[in-house]
2 protein chains.
Amino acid sequence: MATIGDVAREAGVSRSTASYALSGKRPISEEVRRRVLAAAEALAYTPNAGARALATSRTKVLGLLARFYTDEFAPAMMQYIQGVTDTARDLGYDTLLVTDEDGARALRRITDSRMVDGVVLMNIAQDDPRLPILRAAAQPGATVGLPGDCSGIDVFDLDFEEAGRAMVDHLHGLGHRELILISQPEHVVERGGAYVWRLRDAALERARQCGVTLHTVYGESRQPAVGRLLHTLLDTYPSATGLLINNEAAAAALPSVAHERGLRVPEDLSVIGRYSAEFAAAFSLPYSFVESAPDRLGSMAVRQLVRRVESAAARREPFVVRFISPELVSRGSTTPPREPHPRTPAR
Amino acid sequence: MATIGDVAREAGVSRSTASYALSGKRPISEEVRRRVLAAAEALAYTPNAGARALATSRTKVLGLLARFYTDEFAPAMMQYIQGVTDTARDLGYDTLLVTDEDGARALRRITDSRMVDGVVLMNIAQDDPRLPILRAAAQPGATVGLPGDCSGIDVFDLDFEEAGRAMVDHLHGLGHRELILISQPEHVVERGGAYVWRLRDAALERARQCGVTLHTVYGESRQPAVGRLLHTLLDTYPSATGLLINNEAAAAALPSVAHERGLRVPEDLSVIGRYSAEFAAAFSLPYSFVESAPDRLGSMAVRQLVRRVESAAARREPFVVRFISPELVSRGSTTPPREPHPRTPAR
DNA sequence: CTTCAGCGTCGAACCGGTTCGACGATCAAG
DNA sequence: CTTGATCGTCGAACCGGTTCGACGCTGAAG
């Protein structure tokens with residue numbers, strides 16, 4: 001492999017001149033620049049990443065700490081990751097994917113050893129053990145997900161509170177007075193997944209304010225448990241006219257459950273989900289939904305991170321906590337409720 | 001951040017002695033070793049990855065080139081990735097995840113710049129443009145998936161031919177004489193996904209040998225198209241008594257299709273799939289299946305790669321093409337066919 | 001009492017880039 | 001014709017590790 005010394009020799013100049021010719025950081029005569037570029041081309045010169053990192057203390061690599069939980073839906077995770085890797089690449093960065101079980105130690109390892117210029121954290125818990133380490137690190141960090149303590153980092157998340165309210169408002173506006181909300185499984189909450197209760201509590205509060213009855217329940221993450229749960233719910237609350245779904249598995253299971261019960265959406269039941277357009281497409285879900293925009297969140301986190309990495313001024317700016325406003329995508333799965341007489345329980 | 005010079009000064013020795021004390025590559029007195037380790041501990045010393053890479057020409061990072069296609073099932077992809085990252089970490093390596101659309105250029109970038117010690121390629125196409133670059137690279141490479149030309153790399157894949165034969169044999173052994181095989185969508189093949197026809201052609205050949213009629217068809221990757229296709233297939237071949245599924249989306253859709261048709265498995269139809277146990281669990285699929293073991297394949301590829309990276313002797317060994325034998329996991333979804341009178345078309 | 005081997009340590013070089021200060025040449029201004 | 005600024009280039013130092021050769025010291029063998 002050719003080094004910059006080889007290029008310099010080939011072009012008949014010093015190493016520093018070759019470096020300047022390639023980087024453009026000092027004026028170089030047209031003639032010399034041409035010779036250096038030609039030599040680099042001829043020798044297929046590619047700078048050694050380690051040497052450059054050592055000299056510049058920049059690696060052009062971002063760390064991405066993510067965990068693949070079997071009870072969280074893989075497609076959503078993939079979208080976050082893709083959002084991060086694609087945006088990073090656009091900005092000239094590669095992505096080190098770290099899925100260690102002990103995220104805190106892994107984070108320390110990659111930051112202390114200066115393998116990365118910055119870090120994106122996913123699967124954020126309310127009290128995330130990685131955050132103290134990130135705050136102490138020399139590199140800037142961003143999270144996708146809202147932790148309890150946002151100090152010292154940039155935070156990006158969907159506005160789950162507003163999403164909960166928007167769902168309730170939408171159905172209340174259509175005249176619904178009794179709704180069901182199915183959330184993620186309880187162990188997602190136990191793991192610290194605050195977004196579950198952020199959406200739920202905001203929805204409950206709003207429902208209370210506008211006199212709507214809202215039944216809430218933790219869902220399941222897998223078939224057929226989640227399907228059975230849906231049946232049970234619909235049996236238990238026969239007079240509910242609307243269903244809010246903050247649970248990918250439940251949303252994916254609903255079409256066949258509805259079919260089994262002979263339940264028509266929206267005539268018999270109005271439905272709103274909370275997931276990504278990509279997820280909706282993969283499962284062809286026919287429901288209106290609040291877009292959770294995982295790729296956009298990953299992309300925003302990376303952009304902010306790179307700003308801080310590349311500009312000392314940006315590094316001094318105050319930290320941001322930025323929420324994406326929930327966007328309700330209508331698929332026609334909601335309508336005013338039928339007459340006040342309840343659905344007849346099926347099955 | 002403390003450097004090894006700081007550690008040396010703190011311990012009152014030279015930099016080289018500190019280095020040897022930490023690496024153990026030369027004998028060091030117990031007393032000095034103790035002092036050096038204490039100093040390193042006190043200063044929270046972590047070696048600078050770039051400097052070490054420059055000195056040793058080893059980065060302890062593996063490249064993972066993967067693409068996230070929307071028409072390939074995300075959960076399977078996640079399992080491959082997890083298999084790679086977990087095994088890499090076990091062996092002391094981090095993983096650089098590269099999802100560039102132009103995989104060939106990305107591969108050249110990370111190998112020429114010496115960012116990685118070795119590379120794992122996924123989503124292998126029959127005539128993969130990344131392979132010539134991998135062969136020319138200084139680092140060893142492994143693939144998960146069988147390309148047309150295996151020279152110069154280590155190849156790991158499920159034995160799809162044997163899987164196709166095993167599925168046919170199993171049902172033939174039970175007495176079935178007319179089967180349907182639903183494959184991946186046609187554009188997976190167009191993209192170079194050879195495993196689709198490897199399984200299909202071997203199944204056809206075996207079916208021919210043992211006098212079984214086998215109808216084959218390209219599937220769809222999404223609901224509801226794949227569900228409709230299943231209905232059509234079952235209508236079109238009413239006398240078929242067995243269904244082979246080499247298509248995750250079709251497998252996931254089958255339970256509700258069967259339910260809609262009032263079709264009992266295995267009484268009315270024997271079913272065998274080809275997917276991973278993890279996938280089966282996520283969708284609680286009640287079918288016998290050939291385990292595709294994505295995590296195991298990823299893990300094997302990494303182990304071989306690391307062997308070659310770390311041992312000059314291993315680097316000189318001949319390249320391997322290793323197939324995992326398909327393992328049929330019985331879930332009781334196959335049984336001898338009913339009387340020769342055909343299923344009555346439903347719907 | 002010398003000789004020599006081996007152990008433990010040190011200094012220096014090297015990996016391959018970047019960057020700073022200096023210096024010679026050119027050219028315009030005084 | 002000198003002075004001084006500007007431009008283009010070079011040499012050297014540095015980033016933070018690893019590793020090679022050398023060297024002093026100790027202790028056993030002759």
Side-chain angles (χ1 to χ4, degrees), chain A residues 1-37 39-40 43-61 109-117 138-139 310, chain B residues 1-37 39-40 43-61 109-117 138-139 310:
Chain A
M1 209 69 234
T3 72
I4 201 169
D6 300 330
V7 173
R9 190 172 335 107
E10 177 84 9
V13 299
S14 70
R15 292 203 305 149
S16 52
T17 300
S19 177
Y20 287 125
L22 291 167
S23 71
K25 292 187 183 174
R26 277 199 184 175
I28 293 287
S29 71
E30 191 48 43
E31 158 65 9
V32 168
R33 153 178 276 104
R34 225 185 26 68
R35 287 215 314 271
V36 170
L37 293 182
L43 301 173
Y45 167 71
T46 309
N48 179 298
R52 175 170 279 178
L54 181 56
T56 61
S57 19
R58 287 285 168 75
T59 63
K60 288 286 185 174
V61 174
R109 177 167 50 78
I110 65 171
T111 53
D112 282 1
S113 68
R114 294 292 201 278
M115 300 180 77
V116 294
D117 291 340
Q139 299 93 332
E310 298 191 340
Chain B
M1 210 68 232
T3 72
I4 200 168
D6 301 330
V7 173
R9 189 172 335 107
E10 176 85 8
V13 298
S14 71
R15 293 202 305 150
S16 52
T17 300
S19 177
Y20 286 125
L22 290 168
S23 71
K25 292 187 182 174
R26 278 199 184 174
I28 293 288
S29 70
E30 191 49 44
E31 158 65 7
V32 168
R33 154 179 275 104
R34 225 186 24 69
R35 288 215 313 273
V36 170
L37 292 182
L43 300 174
Y45 167 71
T46 310
N48 179 298
R52 177 170 278 177
L54 181 56
T56 62
S57 20
R58 287 285 168 75
T59 62
K60 289 286 185 176
V61 174
R109 177 166 50 78
I110 66 172
T111 52
D112 281 1
S113 68
R114 295 292 201 275
M115 299 179 78
V116 295
D117 292 340
Q139 299 94 333
E310 298 190 341

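Not measured: the values here are computed from a predicted model. Labels below follow one simple rule: chain letters A, B, ... track the order of the sequence lines, proteins then strands, and each chain is numbered from 1.
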Legend entry - Between C1' of C:dC10 and CZ of B:R9, the distance in whole Å: 16 Å
Legend entry - Polar side-chain contact A:Y20-D:dC7 base: donor and acceptor under 3.5 Å: no
Inset, instruction - Would you state whether a donor and an acceptor, one from the side chain of A:R15 and one from the base of C:dG17, lie under 3.5 Å apart? - result: yes
Legend entry - N or O in side chain of A:T17 less than 4.0 angstrom from D:dC10 OP1/OP2: yes
Legend entry - First encountered from the 5' end of DNA chain D, between A:R33 and B:S23: A:R33
Inset, instruction - Please examine the side chains of A:V13 and A:R35, heavy atoms only from C-beta on, and report whether any two atoms are closer than 4.5 Å. - result: yes
Inset, instruction - In whole angstrom, give the distance that lies between atom CG of A:L54 and atom P of C:dC14. - result: 17 Å
Legend entry - Check: A:T111 main-chain N/O paired with A:Q139 side-chain donor or acceptor under 3.5 Å: yes
Legend entry - Along DNA chain D (nearest heavy atom to each residue), the more 5'-positioned of A:S16 and B:P47: A:S16
Inset, instruction - Using whole Å, report how far CZ of B:R26 lies from P of D:dT19. - result: 10 Å
Inset, instruction - Using atom NZ of B:K60 as one end and atom P of D:dG17 as the other, report the distance to the nearest whole Å. - result: 17 Å
Legend entry - Donor-acceptor pair under 3.5 Å, A:S29 side chain vs D:dG8 base: no
Legend entry - No-H, no-angle donor-acceptor pair, B:S14 side chain to C:dG11 base, under 3.5 Å: no
Inset, instruction - Name the nucleic acid region contacted by A:T46, choosing base, sugar-phosphate or nothing; use a 4.0 angstrom heavy-atom cut-off, strictly under. - result: sugar-phosphate
Inset, instruction - Would you please say whether a donor-acceptor pair under 3.5 Å links the side chains of A:T17 and A:S14? - result: yes
Inset, instruction - Taking only the side-chain heavy atoms of B:I28 (C-beta and beyond), determine which of D:dG17, C:dT9, C:dC10 contains the nearest atom. - result: C:dT9
Inset, instruction - Consider the side chain of B:S19, meaning its heavy atoms from C-beta on, and name the nucleotide among D:dT9, D:dT18, C:dC10 that approaches it most closely. - result: D:dT18
Inset, instruction - Round to the nearest Å and state the distance from A:L22 atom CG to C:dT19 atom P. - result: 13 Å
Inset, instruction - Between D:dG16, C:dG17, C:dT9, spot the one nearest the side chain of B:N48, thanks. - result: D:dG16
Inset, instruction - Compare every heavy atom of B:A51 with every heavy atom of A:L54, then report the nearest pair and how far apart it is. - result: CD1-CB, 3.7 Å
Inset, instruction - Whole angstrom is fine here: how far is it from CD in A:E31 over to C1' in D:dT9? - result: 13 Å
Legend entry - Between C1' of C:dG16 and CE of A:M1, the distance in whole Å: 13 Å
Legend entry - Selected nucleotide, minimal atom distance to A:V32 side chain, candidates C:dT9, D:dT9, D:dT18: D:dT9
Legend entry - Nearest-nucleotide pick for A:R52, side chain only, options being C:dG8, D:dC10, C:dG17: C:dG17
Legend entry - B:K25 vs D:dT18: side-chain N/O to OP1/OP2 distance below 4.0 Å: no
Legend entry - Among C:dT18, D:dT18, C:dC10, the nucleotide that comes nearest once only the side chain of A:A55 is considered: C:dT18
Legend entry - Side chain of B:T3 - closest among C:dG17, D:dG17, D:dT18: D:dG17
Inset, instruction - Using modelled atom types only, decide if a donor and an acceptor are shared between the side chain of B:D112 and the backbone of A:T46 within a distance under 3.5 Å. - result: no
Legend entry - Taking every non-hydrogen atom, the tightest pair across A:L37 and A:L22: CD2-CD2, 3.7 Å
Inset, instruction - Please state how far atom CE in B:M115 lies from atom P in C:dG16, giving the value in whole angstrom units. - result: 17 Å
